[in-house]
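Atoms within a ligand are numbered from 1 in the order they appear, just like the ligands themselves.
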Amino acid sequence: MSTVANTTYQSSQTKTALITGGGSGIGEAICRKLGQEGLRVIVADLDMAAATRVASELPNARPLHIDVGSEESVAAATAGIDGLDILVNNAGVGMVGSIAETETAEFERVMRVNVNSVFYVTRSFLPKLLAARGSIINIASVAGLVGIKRRFAYCASKGAVVAMTRQLAVEYPRELRVNCICPGTIDSPFVAGYLAKYHAGEEEKVRAELNDRQPVGRLGHPSEVAALVRYLCSPEADFMHGAALALDGGWTAA
Ligand code: ADP
């Protein structure tokens with residue numbers, strides 16, 4: 001029997017989950033996992049071709065165009081959705097640079113896509129989530145828990161995601177469940193893009209360094225993040241609220 005379809009509280013109706021950034025990497029794995037569990041899945045992404053591809057491979061899914069960093073786009077996307085039980089704020093961007101290397105425009109872009117997005121999307125879907133006594137899962141990062149060299153804007157943005165999670169948990173303790181996951185380095189297209197952009201010609205060496213940064217000696221898999229999302233929106237996680245869960249191969253324990 002499915003553990004998530006009849007998620008959280010009493011209803012036996014099929015639940016609807018919206019995943020931002022659902023067209024690739026971690027978000028795609030989350031869409032697939034929740035789709036396999038029998039949920040109705042809304043694959044929301046800036047890249048409509050990617051969202052359409054993922055949705056077409058799931059039994060009960062649809063793509064949705066959204067730019068999570070744009071209030072107007074978020075409002076338009078929300079208008080087309082009837083009800084929502086589970087919101088996964090996953091879309092995000094990375095940036096490499098110390099504070100001295102960070103241009104104002106780049107900082108603002110990272111904050112808009114990683115932080116303003118959680119504000120816009122959550123606020124926009126809040127009435128629907130409250131009506132459903134729903135669950136919000138924010139995908140933060142270990143960068144929200146510890147400092148990482150040359151990740152000034154990224155750390156700032158993910159720290160804010162952890163803080164927003166805790167604030168929302170305190171604001172709506174009986175109306176919603178709100179948690180965040182803080183993944184370490186996950187082997188997604190994002191990592192491949194990072195290696196190609198910043199370490200062309202030395203990808204294997206840098207990949208080995210990324211492995212070593214995590215005591216278990218490997219990167220995580222998108223499916224491992226998806227498995228935790230699946231648990232967080234299941235009835236078994238009913239007591240989990242306001243948590244920032246490290247899923248990082250021991251990185252933050254070291
Ligand atoms: P990861 O899964 O490691 O976070 P990916 O780059 O594989 O990284 O996936 C990120 C997803 O987020 C992509 O599908 C991308 O199109 C999407 N995305 C990036 N920016 C936005 C945005 N502003 N609005 C919606 N989706 C976005």
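- Annotation: cation-pi geometry satisfied between Arg123 and Phe119 (NZ/CZ under 6.0 angstrom from ring centroid, within 45° of ring axis).
- Using a heavy-atom distance under 4.0 Å as the criterion, the protein contacts of ligand 1 are Gly21, Gly23, Ser24, Gly25, Ile26, Asp45, Leu46, Asp47, Ile66, Asp67, Val68, Ala91, Val113, Ser188, Pro189, Phe190.
- Under the 4.0 Å criterion applied to side-chain N and carboxylate O atoms, Glu101 and Arg150 are assigned as salt-bridge partners.
- Screening Lys205, Arg213, Arg207 for a salt bridge (charged side-chain N to carboxylate O under 4.0 Å, His left out) involving Glu209 leaves a single residue, Lys205.
- For Asn89 and Thr122, the side-chain atoms include at least one donor-acceptor pair closer than 3.5 Å.
- Between the side chains of His199 and Glu202, a donor-acceptor pair is found at a separation under 3.5 Å.
- A salt bridge does not link Glu108 to Arg112: none of the charged side-chain nitrogens sits closer than 4.0 Å to a carboxylate oxygen.
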